[in-house]
Amino acid sequence: MSDHTTKRSNVDAVIVGAGFAGMYQLHTLRELGLSTRVIEAGSDVGGTWYWNRYPGARCDVESMSYSYSFSPELEQEWTWEEKYPPQPEILKYAQHVADRFDLRRDITFDTRVSRAVYDEEARRWSVSTDTGETISARFLIMATGCLSRPKAPEIPGAERFEGAIYHTGTWPHEGVDFSGMRVGVIGTGSSGIQSIPVIAEQARELTVFQRTPNYSMPAHNRPLEEEEVAEMKANYREWREKQRMSGFGVPVPLPTQSALEATQEERDATYQRGWDAGSLTELITSFTDTLTDREANETAAEFIRGRIREIVDDPEVAEALSPRSYPMGTKRPCLDTNYYQTFNEAHVELVNLRETPLMEITPKGVRTSDQEREFDAIVFATGFDAMTGALLAVDIRGEGGRSLRDKWAEGPRTYLGLMIAGFPNLFTITGPSSPSVLSNMMVSIEQHVEWITDCIAHMRENDLRTIDPTVEAEDAWVSHVEMVGDATLYPQTDSWYMGANVPGKPRVFMAYIGGVGVYREKCDEVVANGYEGFAFHPSPAA
Ligand code: NA7
């Protein structure tokens, strides 16, 4: 594929990553007439959906909402097959978009950006890759994704294991056949919860190592009916507008009642509706105080625990699978297909790591504090260094040679999650302190890409050379994000939203929970006020 790629070493913009963010950013910058190169570590487009090929991988936002809205023609010609799209279908969609808009000719695949240094004199970024290339660019746009740097469990011994080890986030392209094998899965986040039932269908014995149980509910996935697809296609514009102005990028009716004011029957009926609809957003936003009041939240948590007790035959296993240590929704909740049912199978064992912690991987298997279990294969479903991991994996140096790692030593600091003071002309698509992972990523990606593209067009029209936020605007935004977060239950939980899953990572709530619509209005207002909070530098006189 790289045969088609332009190899220019001096361009207007470098985009890092060819997932949905990088692809759309390339398309818009091309339309603006900018010379642009995309550098992508994978061998094809798709980002998250290129890497996460584990069995059962599926998006838990409905397919017709989890898709680009920028091209009505694309929207009409593509037809989703399932309510919740499986990874292969999303990847096919990404590949279709790449073909349709002829994107690959500007993408360099199998290449990682390792370093990016801002040259203050030239006011350009010097971008180095692991293939030894250096590209000079006026704009650097990080489209590196929020969950793209896989994290292994922090236990020794993986290199000694005689069987195969897989990470859900870097799954082999040829797939894995677990038939007849003894398999151990470590981790019960979304990746574990989606893959465990599918692996259980193949494996001779499956052992699930759970540190923290998650709140999960059935996706009730199904093929889409022709009529519902036609109806959505007829009303797509209106739906997209609702997505853009919603709380999570998924339009749901807004709650008006406190859970604590409702009767038990009213609450149960409401939660049952969300459960039956297979809608995470509906469950999280059932009542006005679900995400802000522990007691209110507990009513939703207990509803889910009740369903777990109904599904799981062994009361002890049901209890071990029941989350109690944190509020529902403050760790990313999951949608599943037969997750809890899987623990009724005789060949599936749940190991509660809170009682018997993981000690090491041995040549034969996994040793917990009480025993060693032997496996033919081990699956790490242990998540990612979320939100900042992929950005900090690149050695980024801004003004004065200051490194981003240094600037973010106490946690990420950005203005609007879009730009960083001291790092001119560097944009972060769905960066920390924007709604990002607390939203339908497609909606947030499109909003950021369009904001960035408009900003670059504005700079060109006004002969402006660089832009970056003022420290004051950045400080004020960071404080605002923290204040809005503190009004919710999120900061009370050890989650990857808080950086708590990576030892030594600063504990900061890294997403903006004010709502996708509110955030969009804020970004638009900043522009309407002459890019309030940003400082521009004019182009030097010719
Ligand atoms: P998650 O949600 O971060 O889940 C990772 C799981 O792995 C979680 O259950 C962790 O337990 C567990 N884990 C991580 N490290 C360890 C160690 N050292 N020992 C034992 N268990 C461990 O990642 P996913 O890939 O499932 O999902 C990421 C997102 O992708 C998801 O939320 C969706 O947005 C899509 P813990 O909870 O930390 O105790």
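Index from 1, following the sequence. For ligands, and for the atoms within them, numbers begin at 1 and follow the listed sequence.
When Gly189, Gly169, Gly192 are checked for heavy-atom proximity to atom 4 (O) of ligand 1, Gly189 turns out nearest. For the residues Cys59, Ser495, Ala381, Gly383, the heavy atom positioned nearest atom 6 (C) of ligand 1 is part of Ala381. Within the set Glu154, His167, Arg211, the minimum heavy-atom distance to atom 10 (C) of ligand 1 is found for Arg211.
Set against the non-hydrogen atoms of Gly187, the atoms of ligand 1 under 4.0 Å away are 6 (C), 7 (O), 9 (O), 12 (C). Those atoms of ligand 1 that come under 4.0 Å of a heavy atom in Pro153, given as number and element, are 17 (C), 18 (N). For ligand 1, the atoms lying closer than 4.0 Å to a non-hydrogen atom of Leu353 are 20 (C). Residue Ser191 approaches ligand 1 through these ligand atoms, each under 4.0 Å from one of its heavy atoms: 24 (P), 25 (O), 26 (O), 27 (O).
Residue contact check for ligand 1: Gln210 places no non-hydrogen atom closer than 4.0 Å to it. At least one heavy atom of Arg354 sits under 4.0 Å from some atom of ligand 1. Under the 4.0 angstrom criterion for non-hydrogen atoms, Lys331 is in contact with ligand 1. Ligand 1 is never approached by Thr168 to a heavy-atom distance shorter than 4.0 Å.
Under the 6.0 Å distance and 45° angle rule, Arg307 counts as a cation-pi partner of Phe303. In this structure, Arg413 is not positioned above the aromatic face of Tyr415 in the sense of NZ or CZ being under 6.0 Å from the six-membered ring centre and within 45° of the axis. The cationic group of Lys364 does not satisfy the cation-pi geometry with Phe375, failing either the under 6.0 Å distance to the six-membered ring centre or the 45° limit from the ring axis.
The local environment of CD in Glu372 is crowded, with over 12 non-hydrogen atoms from other residues, nucleotides or ligands closer than 6.0 Å.
Distance from atom 2 (O) of ligand 1 to its nearest protein heavy atom, with residue and atom name: Trp496 NE1, 3.4 Å. Protein heavy atom nearest atom 34 (O) of ligand 1, with residue, atom name and distance: Arg332 NE, 3.3 Å. The protein atom (non-hydrogen) at minimum distance from atom 15 (N) of ligand 1 is Lys151 NZ, 3.0 Å. For atom 36 (P) of ligand 1, the nearest protein heavy atom (residue, atom name, distance) is Thr212 OG1, 3.4 Å. The shortest contact between atom 9 (O) of ligand 1 and any protein heavy atom is with Thr188 N, 2.9 Å. In terms of protein heavy-atom proximity, atom 31 (C) of ligand 1 is closest to Ser190 CB, 3.6 Å.
For the residue pair Asn214/Ser216, the side-chain donor-acceptor check at 3.5 Å is not satisfied. Side-chain N/O atoms of Thr212 and Arg354 include a donor and acceptor closer than 3.5 Å. Side chain to side chain, Tyr54 and Gln194 meet the donor-acceptor criterion of an N or O pair below 3.5 Å. Side-chain contact check for Ser444 and Arg244: no donor-acceptor pair (N or O, by modelled atom type) lies under 3.5 Å. Between Ser43 and Asp110, the side chains place a donor N or O and an acceptor N or O closer than 3.5 Å (distance only, hydrogens not considered). For the residue pair Ser69/Trp239, the side-chain donor-acceptor check at 3.5 Å is not satisfied.
Using a 4.0 Å cut-off between heavy atoms, Leu147 contacts ligand 1 through its side chain alone, with no backbone atom that close. Residue contacts with ligand 1 for Val437 are absent, since no atom lies close enough (heavy atoms, distance under 4.0 Å).
Using a 30° and 60° split on the angle between ring planes, Phe178 and Tyr166 fall in the perpendicular class, above 60°. Relative orientation of the Tyr512 and Tyr519 rings is tilted, given thresholds of 30° and 60° on the angle between their planes.
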